[in-house]
K.L.:
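Below you'll find the structure I mean.
Any value given below was found using the heavy atoms of this structure, including those in side chains, with hydrogens, waters and symmetry copies removed. Just so we're on the same page: letters track the sequence lines, and every chain starts at 1.
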Protein chains: 2
Amino acid sequence: MADLVYRKIMRDLKERIFNQEFNDKKLPDERSLSESYGVSRSSIKRALNVMAQQGIIFKKRGSGTFINPLYLKNQSLFNYEGTNLGVTDSFHLDGKRPGIKLIDYQVIPASKELQQDLFLEPDDFVYKIKRLRLLDDEPIIIETGYIPIKIMPGLTPSVVKGSIFNYLSEIEGKSVTKSFMSILAEPSNQQDQELLGLSDKEPVGIMEGIFFLDDGTPLEVSNMRVHYKYLKYNTFVSLDEE
Amino acid sequence: MADLVYRKIMRDLKERIFNQEFNDKKLPDERSLSESYGVSRSSIKRALNVMAQQGIIFKKRGSGTFINPLYLKNQSLFNYEGTNLGVTDSFHLDGKRPGIKLIDYQVIPASKELQQDLFLEPDDFVYKIKRLRLLDDEPIIIETGYIPIKIMPGLTPSVVKGSIFNYLSEIEGKSVTKSFMSILAEPSNQQDQELLGLSDKEPVGIMEGIFFLDDGTPLEVSNMRVHYKYLKYNTFVSLDEE
DNA sequence: TTTGAAAATTGATACGGTCCAATTTTAATC
DNA sequence: GATTAAAATTGGACCGTATCAATTTTCAAA
């Protein structure tokens, strides 16, 4: 994973940028980079494309490649890194201790909507798993997930008390690297208030969507009701389509 | 813009997918596509990569390329299209009539934070523009923006009553295609409640961040307090880095 | 000094090739 | 039949080239 040419270039360039090596905010041109790194221009282009997509640099034809001034100042914003997409990975908040409390666990027939979203047959069953996510014993997320039985036959309550995605990758060698999510907000309902310790004037953030396995199999439909103070979704958007 | 090879391939493939031409949910292999379209495999790869990044297809080495079942069902979710990033473009809600009410307009010295975010000198000035966005006369967003004077010397109140981004692209030929945004939620404050017609139990969604010009110049620091019923941010996330 | 055309620079698109790695298919063996 | 090994399939990485398009630089003419 780490020995790809274009990734090595990226790592090195990021470091050089961070070390202020390019004090005019401009990178060398692609042909020079190609020569100095001793790799093809295609690989340079690939590295620069990814970095541009992440918002670290801007490219302008005829002019050159420029460093995003914000990258130097606020590098942390540009690190969407992580090995997985699950909550256990996403909220790596400053060494706080994550916890899970199992609220509900049952096996139910898949509803029409779940059949569609998870690509199931009418007689398929799913786990319904409702959990409370904690950070240093403080509740922050009410998470309700639906997972097809036939994909994870071994999903026992004891497994569910830990990270399902980690279990998947460690035990079954499958990884969850893609998701389609919607983010929105709502007033908190009574259950939110009880479980998350909110007043009736405090809202919840909602992240709902579908997690996919590597090969595109829909794994889980998830609905997360997040304590509003812990919801902060950062994103760099580019309309360039590549 | 529309005559690029890889885009033509993308358009055609999307249409063929939508027409159920690949009823086994599997696309032809790259080499066949290359031959049948009469283009190089590289171009096929490029088209497929972009489509994979958009979540339309999944690729699996050794196995093939597969259609995301959700694409057929819910195609609208996969259209992040648009020519600009501004609010005027983002919320194209079903032919509703957008409107703008100017609340505040002044020229002020750039604060420390603005100096950093917009890359300004200590003696630079910015416009502070506060506007209420309407949809069919219903208020949905309180938008506060800061734009450097030196970038848009001609930003008069009359311009500000319309779309600033459209003005930029039509009059000055510059386009805003990149942004760095954070999305979060908060209880509504009194002003939110008055301007957006919310009760004290209803929250606002907040989208704040920086808009960039094509060449990487930071154009605007923006803070949008959105009526919670209108905040819905859809996104496909992939950890594959390309 | 200013203007404007030509030249140089620089990223973008596209081609086509080599080799590799994961997976599936096929065939052989027990 | 089941198991295993070999072969074929299929996407991934990387290289090097040719041509184009936007921008900047150079330099001669006015």
K.L.:
For C/dT23 and B/Ser63 - does any side-chain N or O of the residue sit under 4.0 Å from the phosphate oxygens OP1/OP2?
P.N.:
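Checking C/dT23 against B/Ser63, no side-chain N or O comes under 4.0 Å of OP1 or OP2.
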K.L.:
A/Asp3 CG to D/dG12 P: how many Å, rounded?
P.N.:
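About 16 Å, once rounded to whole Å.
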K.L.:
Do we see a donor-acceptor contact under 3.5 Å between the side chains of A/Asp12 and A/Tyr37?
P.N.:
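Per modelled atom types, A/Asp12 and A/Tyr37 side chains form a pair under 3.5 Å.
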K.L.:
For B/Phe58 and C/dT23, give me the distance from atom CZ to atom P, rounded to whole Å.
P.N.:
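It works out to 16 Å between those atoms.
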K.L.:
Classify the side chain of A/Arg41 versus the base of D/dG16 as yes if they form a donor-acceptor pair under 3.5 Å and no if they do not.
P.N.:
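No, no donor-acceptor pair under 3.5 Å.
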K.L.:
Whole Å only: how far is the NZ atom of A/Lys45 from the P atom of D/dT19?
P.N.:
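Those two atoms, NZ and P, are 17 Å apart.
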K.L.:
Round to the nearest Å and state the distance from A/Asp29 atom CG to C/dG11 atom P.
P.N.:
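Result: 5 Å.
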K.L.:
Check for a donor-acceptor pair, side chain of A/Tyr146 on one end and backbone N or O of A/Leu118 on the other, with a separation under 3.5 Å.
P.N.:
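Checked: no pair found.
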K.L.:
In whole Å, I'd like the distance from the NZ atom of B/Lys26 to the P atom of C/dT23.
P.N.:
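Spelled out: NZ on B/Lys26 to P on C/dT23 is 13 Å.
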K.L.:
Taking only the side-chain heavy atoms of A/Ser43 (C-beta and beyond), determine which of D/dC14, D/dG11, C/dC15 contains the nearest atom.
P.N.:
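Per side-chain heavy atoms of A/Ser43, the pick is D/dC14.
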K.L.:
Hey, mind stepping through B/Arg133 and B/Ile100 against side chain to side chain contact (heavy atoms under 4.5 Å, CB included) and telling me if it holds?
P.N.:
CA-CA 5 Å; B/Arg133 299 276 191 167; B/Ile100 294 179; 3.5 Å; yes
K.L.:
More 5' along DNA chain D: A/Arg31 or B/Gly62, using each one's nearest nucleotide?
P.N.:
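Nearer the 5' end of the strand: B/Gly62.
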K.L.:
Between P on D/dA13 and CZ on B/Arg61, what's the gap in Å once rounded to a whole number?
P.N.:
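Going from CZ in B/Arg61 over to P in D/dA13 covers 7 Å.
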K.L.:
Want to settle it: does A/Val5 or B/Leu48 sit nearer the 5' end of DNA chain D, counting the closest nucleotide to each?
P.N.:
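The 5'-side residue here is B/Leu48.
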K.L.:
For B/Lys60, answer base if it contacts any base atom (sugar-phosphate contacts may also be present), sugar-phosphate if it contacts only those atoms, and nothing otherwise; contact means non-hydrogen atoms under 4.0 Å.
P.N.:
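Sugar-phosphate contact only.
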K.L.:
Does the A/Tyr233 side chain pair with the main chain of B/Met181, one donor and one acceptor, at a distance under 3.5 Å?
P.N.:
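A pair under 3.5 Å: no.
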K.L.:
Please give, in whole Å, the distance from C/dA22 C1' to B/Phe66 CZ?
P.N.:
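So the two atoms are 12 Å apart, to the nearest Å.
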K.L.:
Walk me through it: do B/Leu114 and B/Asp124 pass the test side chain to side chain contact (heavy atoms under 4.5 Å, CB included)?
P.N.:
CA-CA 10 Å; B/Leu114 286 174; B/Asp124 277 326; over 6 Å; no
K.L.:
Does OP1 or OP2 of C/dA12 have a side-chain N or O of A/Lys59 closer than 4.0 Å?
P.N.:
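So the side chain of A/Lys59 is within the cut-off, an N or O lying under 4.0 Å from OP1 or OP2 of C/dA12.
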K.L.:
Quick check on D/dG11: is either OP1 or OP2 less than 4.0 Å from any side-chain nitrogen or oxygen of B/Thr65?
P.N.:
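Indeed, a polar side-chain atom of B/Thr65 lies that close.
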K.L.:
Specify the separation, in whole Å, of atom CG of B/Asp214 and atom C1' of C/dG11.
P.N.:
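Going from CG in B/Asp214 over to C1' in C/dG11 covers 13 Å.
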K.L.:
Looking only at side-chain atoms of A/Leu4, point me to the closest of D/dG11, C/dG11, D/dC14.
P.N.:
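Ranking D/dG11, C/dG11, D/dC14 by closest atom to the A/Leu4 side chain puts D/dC14 first.
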K.L.:
With a non-hydrogen cut-off below 4.0 angstrom, is B/Ser42 in contact with a base, only sugar-phosphate, or nothing?
P.N.:
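If one applies the 4.0 Å heavy-atom cut-off, B/Ser42 turns out to touch a base.
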